[in-house]
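To start, the structure under review is shown below, and the notes come after it.
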Amino acid sequence: MNAQLKPSRLEGLDLARFIAFVGMVIVNFSIVMGAEGAQGGLGFILQALEGRAAATFVVLAGVGLGLAAQLGDINLTAWVTVKRALFLLALGLLNMLIFDADILHYYAFYFLFGVMLLKLNTRALIGVILAIVFAALALVFLLDYDAGWNWSDYTYQGFWTPLGFVRNLFFNGWHPVIPWLAFLLFGIVLSRLSLSETKTQRNLMIGGLIGFIAANLISLGLEASLFRTHFELAVLAGTSPIPPMPMYMAVGMSAASFVIGLCLLLAKPLARIKVLAVLNPAGRQTLTLYIAHILLGMGTLEELGLLGGQTLQTSMLASALFCAITIIYAYIWSRFFKRGPIEALMRKVAG
């Protein structure tokens, strides 16, 4: 068996997916419950998760795509990926009708462009990643980033028009292809490492942590300098996901590397004490759980009158409760079915 395909490695990736999912729930619940901007320890945790959890998800998608290409015929992998991308596009656009910050329709295009670049060697992929990251910076100077946005309530005008859709998709949406495609390509690069080796896992974890700290420190230094000289440009040196500038991309990739390395390292010891057996079923059906956290999670919050005006402590409690329920559900579901409901539907429709 290929060393990269040992069960422990795969279990580590499932754990990473679950952790990224928990991060996304915390961020999204805090937004819809109006708990953003809080100070203190919980506020720091929320700020650290904003944009990083979703970025880790996309990097993991790239790792999965890269490993799939190594497993079999790359042309077959590309064809199946295209069909699944179309499925995600349809599902994401339906989700947009109730949740403006949907990420699934962006995923569809990450995959479509990603499969076109699968055959590139690693050096070329890194070159494309850098080009995409700095293209996003250039576009901010060339185009109006505020076009379509009402920042007071985070609504986007004209999304369903051809021009608005393309602008949102590629330039100024929640997760625009330029530069978020770079996260998927970074995942493909990681898939080509010896991920089953402890040394590689440790290097990913340590390198990711160092990169995360360094990128944040560099960002703070650049922001301080620009505040004194060119105040209006300071945002371009920030690590906020909106707009997604180079330092944010560096922080996002570093955070993903740290989480992936850590989860791969912990896979074996956690498997021995049966923790993975409890958590990983949820990590294997994150598509189903992503939809569930919108329809069921946010739907319940709305019914309880908890949308808007809540404290961060309340949103954290709601997130913890929802994630605990998903763990229980996924564990029970996995006793009877191999895949989650939406994962099974996608496999049936798209292969």
Side-chain angles (χ1 to χ4, degrees), residues 1-23 48-49 52-72 74 77 81 110-111 114-115 117-130 132-133 180-216 248-273 275-277 279-280 283-284 286:
M1 178 184 287
N2 187 315
Q4 292 196 46
L5 303 177
K6 289 182 178 179
S8 61
R9 195 211 70 83
L10 293 175
E11 291 175 357
L13 292 182
D14 288 334
L15 177 62
R17 290 186 188 97
F18 174 70
I19 290 174
F21 168 74
V22 172
L49 290 173
R52 281 65 165 179
T56 300
F57 248 132
V58 179
V59 173
L60 284 163
V63 173
L65 178 59
L67 291 174
Q70 295 172 31
L71 267 172
I74 192 170
T77 298
T81 302
Y110 304 155
F111 281 127
V115 295
L117 301 171
L118 262 180
K119 293 183 179 180
L120 292 181
N121 61 42
T122 300
R123 180 176 295 182
L125 273 179
I126 292 173
V128 174
I129 289 170
L130 292 173
I132 292 172
V133 169
W180 275 66
L181 173 61
F183 287 132
L184 185 98
L185 300 182
F186 181 66
I188 295 175
V189 170
L190 293 187
S191 74
R192 297 174 180 179
L193 303 177
S194 301
L195 293 176
S196 63
E197 295 182 4
T198 301
K199 180 180 178 181
T200 301
Q201 297 164 3
R202 188 178 296 115
N203 288 341
L204 277 175
M205 185 185 70
I206 295 173
L209 181 59
I210 292 173
F212 184 86
I213 295 171
N216 276 287
Y248 162 70
M249 299 299 294
V251 167
M253 292 179 190
S254 298
S257 298
F258 173 78
V259 170
I260 292 171
L262 178 63
C263 289
L264 292 173
L265 275 173
L266 292 178
K268 287 182 179 179
L270 291 180
R272 283 196 293 268
I273 60 175
V275 171
L276 287 190
L279 298 182
N280 275 13
R284 287 192 286 269
T286 48

Using every non-hydrogen atom in the two residues, find where A61 and F111 come nearest and quote the distance to one decimal. CB-CZ, 3.8 Å
Can you list the residues that meet the side chain to side chain contact (heavy atoms under 4.5 Å, CB included) rule with V275, with sequence neighbours excluded? L270, I273, L279
Considering only heavy atoms from C-beta outward, does the side chain of L184 approach that of L181 to under 4.5 Å? yes
Could you check M205 against L209 for side chain to side chain contact (heavy atoms under 4.5 Å, CB included), going step by step and ending with a plain yes or no? CA-CA 6 Å; M205 185 185 70; L209 181 59; 5.9 Å; no
When you measure from the side chain of T200 to the backbone of S194, do you find a donor-acceptor pair of N or O atoms at a distance under 3.5 Å? yes
Identify the two heavy atoms, one from A255 and one from F212, that lie closest to each other, and give their separation to 0.1 Å. CB-CD1, 4.1 Å
Which pair of heavy atoms, one from T286 and one from G283, lies closest together, and at what distance? CG2-O, 3.7 Å
Please tabulate, for the side chains in residues 52-59, all donor-acceptor contacts under 3.5 angstrom to protein atoms that are two or more places apart in sequence or on a different chain.
| unit_1 | atom_1 | unit_2 | atom_2 | d |
| --- | --- | --- | --- | --- |
| R52 | NH1 | E50 | O | 2.8 |
| R52 | NH1 | T239 | O | 3.3 |
| R52 | NH2 | T239 | O | 3.3 |
| R52 | NH2 | T239 | OG1 | 3.3 |
| T56 | OG1 | R52 | O | 2.9 |

Any donor-acceptor pair under 3.5 Å from N280 side chain to E11 backbone: yes
Within the structure provided, determine whether I74 and V115 are in side-chain contact (heavy-atom separation under 4.5 Å). no
Atom of A182, atom of M249 and distance for their closest heavy-atom approach: CB-CE, 3.8 Å
Just say parallel, tilted or perpendicular for the rings of W180 and Y248, cut-offs at 30° and 60°. tilted
Assess whether side chain to side chain contact (heavy atoms under 4.5 Å, CB included) is satisfied between V63 and I188, documenting all intermediate values. CA-CA 5 Å; V63 173; I188 295 175; over 6 Å; no
Nearest-0.5 Å distance that lies between atom CD in Q70 and atom CG in L65: 10.0 Å
Applying side chain to side chain contact (heavy atoms under 4.5 Å, CB included) to V189 and I129, what does each step give before you reach the verdict? CA-CA 10 Å; V189 170; I129 289 170; 4.2 Å; yes
The side chain to side chain contact (heavy atoms under 4.5 Å, CB included) partners of A250 (sequence neighbours excluded) come to A215
How would you list, by chain and number, every residue that makes a side chain to side chain contact (heavy atoms under 4.5 Å, CB included) with A68, sequence neighbours excluded? T77
Under the criterion side chain to side chain contact (heavy atoms under 4.5 Å, CB included), I'd like the reasoning laid out for K268 against R272: C-alpha separation, chi angles, the key distance, then a yes or no. CA-CA 6 Å; K268 287 182 179 179; R272 283 196 293 268; 4.2 Å; yes
Name each donor-acceptor pair under 3.5 Å that joins a side chain in residues 256-266 to protein atoms two or more places apart or in another chain, with its distance.
| unit_1 | atom_1 | unit_2 | atom_2 | d |
| --- | --- | --- | --- | --- |
| S257 | OG | M253 | O | 2.9 |

Residues pairing under side-chain hydrogen bond (donor to acceptor under 3.5 Å, both in side chains) where one sits in residues 119-128, two or more places apart or in two chains, turn out to be N75-K119, T122-R192
Within the structure provided, determine whether L185 and L117 are in side-chain contact (heavy-atom separation under 4.5 Å). yes
For S191 and G66, which heavy atoms make the closest approach, and how far apart are they? OG-CA, 3.3 Å
